[in-house]
Protein chains: 2
Amino acid sequence: MLSRIIFYSIDKAIRTYRKLAQTNIDRAGIAITIDQWLVLRVIEEDQSLTQTEIAERVLKDQASVARMIALLLKHGLLASEPVAHDARRTRLQVTPQGQATLAAVEPVILRNRAQALQGISEEELATLRRLLERIYLNCST
Amino acid sequence: MLSRIIFYSIDKAIRTYRKLAQTNIDRAGIAITIDQWLVLRVIEEDQSLTQTEIAERVLKDQASVARMIALLLKHGLLASEPVAHDARRTRLQVTPQGQATLAAVEPVILRNRAQALQGISEEELATLRRLLERIYLNCST
DNA sequence: GCAACCTCTATGACATATCATATGTCTTTA
DNA sequence: TAAAGACATATGATATGTCATAGAGGTTGC
């Protein structure tokens with residue numbers, strides 16, 4: 001039975017959460033994917049990050065991040081300007097439109113999380129986090 | 001901090017596990033993706049399933065399953081034949097090559113799981129499963 | 001200084017995720 | 001039984017995941 005496999009449960013939980021999150025963002029009339037939102041949010045926090053560093057923070061590949069950034073630029077949520085001391089890079093900036101999108105998404109995400117974690121205590125959450133971290137460490141070595 | 005968000009932990013755990021699994025399959029010289037393997041395995045268990053039913057079992061979209069089946073057919077791991085009473089469908093069969101692939105992957109998967117779950121007790125696993133199931137239910141309603 | 005090496009970004013190739021829809025085929029209902 | 005609805009599969013469009021690599025630009029060591 002697939003349902004007895006823990007990785008199946010993990011996959012099911014995260015997929016269902018992602019679907020809920022994206023549905024609610026769409027329903028709020030916001031034109032962004034959750035993955036793009038995550039990247040945008042990380043850039044907002046620190047605009048000096050390289051794509052590789054962004055990729056590490058959001059657990060994605062540099063190639064994926066490059067394409068998401070290209071889309072965010074195309075959609076006007078990000079702007080880029082050259083960096084003086086390093087011609088390989090560009091400095092990314094969240095545009096006012098990007099800021100507005102972040103602000104609009106924030107409450108939706110908070111509601112999603114609250115819904116997803118209903119009936120789960122802080123202690124259980126800590127346990128969950130600890131076990132998942134253990135799996136992560138077991139897999140990375 | 002992203003690391004404080006539980007969905008980040010879930011995502012990190014499952015991604016790292018998937019990467020470990022795929023790396024070990026590749027390293028064993030087996031030409032199949034984990035997703036294709038999962039589909040092939042489900043078909044082996046019940047060859048009368050429709051694509052939609054397979055998709056439900058493996059938590060994927062019918063469109064994704066259709067494309068994976070197309071690849072499995074192309075690679076010779078599956079064969080299809082018409083179904084007498086319903087012209088919409090085809091009956092899928094795991095070929096000998098498919099059987100061999102499943103047999104070769106099995107021990108790799110078992111080793112992966114054992115590695116990923118090192119140091120986690122049966123009781124903790126049950127807790128993990130219960131919490132993830134709760135998140136899933138919270139998100140599906 | 002410059003050769004070897006490393007970093008940053010972009011992109012090709014292929015697989016998957018998701019939604020929408022097309023097409024053909026049952027099935028049900030008026 | 002014909003029309004309407006449901007179902008099975010395929011596919012277009014777009015986004016992401018992953019690996020590999022190209023191409024331009026830094027950095028280091030000699």
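To find a chain, count down the sequence lines: A is the first, B the second, and so on, and within it residues start at 1. The model shown is predicted, which means the values in this text are computed figures rather than measured ones.
Atom pair B:Met68:CE and C:dC14:P shows a separation of 18 Å (rounding to whole Å applied). Put simply, CZ on A:Arg27 is 12 Å from P on C:dC19, counting in whole angstrom units. With rounding to whole Å, B:Asn24 atom CG is found 16 Å from D:dT18 atom C1'. The nearest whole Å value for the distance from the CG atom in B:Asp61 to the P atom in C:dA20 is 11 Å. Atom CD in A:Gln51 sits about 18 Å away from atom P in D:dG23, given to the nearest Å. A:Asp11 has its CG atom 12 Å from the C1' atom of C:dA17, to the nearest Å. In this structure, A:Leu38 places its CG atom 15 Å from C1' of D:dG17, rounding to the nearest Å. In this structure, A:Ile54 atom CD1 and D:dT16 atom C1' are separated by 16 Å, rounded to whole Å.
Of the candidate nucleotides D:dT9, C:dA15, C:dT16, C:dA15 has the atom lying nearest to any side-chain atom of B:His75. Checked against C:dC8, D:dA13, C:dT11, the side chain of B:Arg67 finds its nearest nucleotide in D:dA13. The side chain of A:Leu71 approaches D:dT16 more closely than any other nucleotide in the set D:dA8, C:dT16, D:dT16.
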Contact list (N/O, under 3.5 angstrom) for nucleotides 2-4 of chain C vs protein:
none

Please list, pair by pair, any protein nitrogen or oxygen found under 3.5 Å from a nitrogen or oxygen in nucleotides 25-29 of chain C.
from, atom 1, to, atom 2, distance (Å)
C:dT25, O2, B:Arg88, NH1, 3.4
C:dC26, OP1, B:Asp86, OD1, 3.3
C:dC26, OP1, B:Ala87, N, 2.8

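With sequence neighbours excluded, the residues that form a side chain to side chain contact (heavy atoms under 4.5 Å, CB included) with B:Asn138 are A:Gln118, B:Arg134. Every side chain to side chain contact (heavy atoms under 4.5 Å, CB included) that A:Arg113 has, sequence neighbours left out, goes to A:Tyr17, A:Trp37, A:Ile109, A:Leu110, B:Ile5, B:Phe7. Applying the side chain to side chain contact (heavy atoms under 4.5 Å, CB included) criterion to B:Asp26, with sequence neighbours excluded, gives B:Gln22. With sequence neighbours excluded, the residues satisfying side chain to side chain contact (heavy atoms under 4.5 Å, CB included) with B:Gln93 are B:Gln47, B:Glu81, B:Arg91.
Here the side chains of B:Leu49 and B:Ile43 are not in contact, with every heavy-atom distance at 4.5 Å or above. In this structure, the side chains of B:Glu56 and B:Gln62 stay at 4.5 Å or more apart for every pair of heavy atoms.
In terms of phosphate contacts, B:Lys60 brings a side-chain nitrogen or oxygen within less than 4.0 Å of OP1 or OP2 of C:dA17. Contact between the side-chain N/O atoms of B:Thr90 and the OP1/OP2 oxygens of D:dT9 is not found at any separation under 4.0 Å.
As judged by a 4.0 angstrom heavy-atom cut-off over every strand, A:Arg15 is placed among residues touching the sugar-phosphate backbone only. Using a 4.0 Å heavy-atom distance criterion, B:Ser64 is classed as a base contact. A:Gln22 comes within contact range of no nucleotide atom at all, as no heavy-atom separation falls under 4.0 Å.
Of the possible donor and acceptor atoms, none in the side chain of B:Arg18 sits under 3.5 Å from a partner among the backbone N and O of B:Ile34. A:Glu124 places a side-chain N or O within 3.5 Å of a backbone atom of A:Ser121 that can act as its donor or acceptor partner.
Positionally, the nearest nucleotide of DNA chain D for B:Thr52 lies more toward the 5' end than for the other of B:Thr52 and A:Arg18. Nearer to the 5' terminus of DNA chain C, by closest-nucleotide assignment, is the contact made by A:Ala63 (compared with the other of A:Ala63 and A:Thr23).
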Does the side-chain hydrogen bond (donor to acceptor under 3.5 Å, both in side chains) test come out yes or no for B:Thr33 and B:Asp35, once each step is laid out? CA-CA 5 Å; B:Thr33 66; B:Asp35 296 297; 4.8 Å; no

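Remark: B:Arg57 does not engage B:Glu45 in a salt bridge, criterion side-chain N to carboxylate O under 4.0 Å.
Side chain B:Gln62 to base D:dA10: a donor-acceptor pair is found below 3.5 Å.
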